[in-house]
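Fair warning: this is a prediction, and the values are worked out from it, not measured in the lab. Numbering of ligands and ligand atoms starts at 1, following listing order.
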Amino acid sequence: MVTATGMVILLAAAALAILAPSARGLDRAEFPPGFLFGAATSAYQVEGAYQDDGKGLNNWDVFTHTNSGNIVDGRNGDVAVDHYHRYMEDVEIMHNLGVNSYRFSISWARILPRGRRGGVNSAGIAFYNRLIAALQQKGIEPFVTLHHFDLPHELEILYGSWLGAGIREEFDYYADVCFRAFGDRVKLWTTFNEPNMFTKLAYMLGMYPPNHCSPPFGNCNRGNSQREPYVAAHNIIMSHAAAVNNYKRNYQAKQGGSIGIVIAMKYYEPLTNTTEDIMAARRALSFEIHWFLDPLFFGEYPKEMREMLSSNLPEFTPAEKRLLRNKMDFIGVNHYTAIYAQDCISSPCDLNSYEGNALVLATGERDCVQIGKSTALVGFYDVPEGMEQTIKYVNQRYENSPIYITENGYSQYSSNTMEDMVNDVGRVNYLRGYLSSISSAVRKGGNVRGYFVWSLMDNFEWVFGFTVRFGLYHVDFATQERTPKMSAKWYRDFLTGSGPVNLVQTLRTDS
Ligand code: BGC
């Protein structure tokens, strides 16, 4: 017997199921066996516990406290979403979601509070051991990033973070501690998350610590936007190469894992079909993707960058080139959006922007029509075809190297009502579109091995603080309560192969 209230719930659920985009039309079975499906987070954005159990301060702890004016809501990651204390609940959430992998990053300052000058913080090691054990108990593969924007504050003081060559040995040492401590269980490593993006935000636009820039970029009291991003990048490329070399020489054979790097990749379309805009799109791709991947695959910076930057772009010494020969195993691709590229050489533009160093202006509109639906972050549009294009491009240029889509996701405003945030139809449409695009790329031979939604749950979104949300799970930032959004249910249905009927049941049991 169905009660009146039960009937109302059933009808409401059925109505929602009709309105809600279903997982139909996209089948997990289309993806290769062993394909990883996961969700991603990073230490500073979720862990909190910024002073617990011997952790040292990191660059973001200090930056958010001393430059709170640079964060939209003036907040910080001191508590974030308290993953440090709630990791067991979060692993349970992942288990319910049906993911077979979790991408997270290690907080360098939790492991080595003072870099290699100080000792290893055993409580930090113990935390990640507990997290890894909890994941493995649920059959969830850890996918670990060593550096996701945060590093011990002391190293920022000593080296300006990535400007001084001494940081290379620091990173090599830190990576070694991690391989030794966790490598028997962690089989997928990435050295850096989006170094191509954060070096520009830190040393060209001055938005991220250490907050360096010079005109025409940003508004800082120190820095050199024409040179420092490339010096920092050079040190990062060599730090990555040293860690890969160490892993391959001393750990890979006995631990049996693989190692890569994660690069932020927008897809740039020429605004018009003029030669100028076509060249502008190429330059933008070069300054975005080739900047890091060309040295790591071919031992040299791309020609376009050398021509434009001349001596501001460092040269690789013969010894550095030798180190670069030891190739990584896969490329991590963070892809969120496609955008139009407009040439700034033939007609002047305001260069104080992310693509300004490539003499390109990125725009989301052509003839007053947007490239895709907008999302809460300016410049991030829903353009699913960009994913397939990116995969094709990277596979073609970089020896068909295996790719993991290490991040892809959709943002909402925190100012929305709870109901709107949880009924995230926009995110479901976005994820379905992008997953279909990957499936199409794979059908055509794309060498993709896994996919991670950014993010498992709402969290601290860097300079946007808590004002935008990327999570499959809604987090109440006051109580830390986690609530599955429609997208979490949709992802679970996709992963478990359930159709819209199960969506009705899901909504009924969960609401
Ligand atoms: C970063 C994440 C960030 C996400 C959304 C990526 O650039 O790796 O840390 O939260 O994009 O902006």
> Should the pair Phe460 and Trp60 be assigned to parallel (<30°), tilted (30 to 60°) or perpendicular (>60°) ring geometry?
Replying inline: perpendicular
> Would Asp458 and Arg469 count as a salt bridge (Lys or Arg N to Asp or Glu O under 4.0 Å) if you check the C-alpha gap in whole Å, the side-chain angles of each, and the deciding distance to 0.1 Å?
Replying inline: CA-CA 5 Å; Asp458 297 335; Arg469 295 167 178 267; 2.6 Å; yes
> What is the ring orientation for Phe171 with His147, classed by angle as parallel under 30°, tilted 30 to 60°, or perpendicular over 60°?
Replying inline: perpendicular
> How are the rings of Phe494 and Phe37 set relative to one another: parallel (under 30°), tilted (30 to 60°) or perpendicular (over 60°)?
Replying inline: perpendicular
Could you tabulate the donor-acceptor pairs under 3.5 Å formed by side-chain atoms of residues 260-268, not counting sequence neighbours?
| unit_1 | atom_1 | unit_2 | atom_2 | d |
| --- | --- | --- | --- | --- |
| Lys266 | NZ | Glu355 | OE2 | 3.2 |
| Tyr268 | OH | Glu355 | OE2 | 2.6 |

> Hey, which residues fall under 4.0 Å of ligand 1 on heavy atoms?
Replying inline: Gln45, His148, Asn193, Glu194, Met197, Asn334, Tyr336, Leu377, Glu407, Trp454, Glu461, Trp462, Phe470
>> Using 30° and 60° as the class boundaries, would you call the ring planes of Trp189 and Phe179 parallel, tilted or perpendicular?
In response: perpendicular
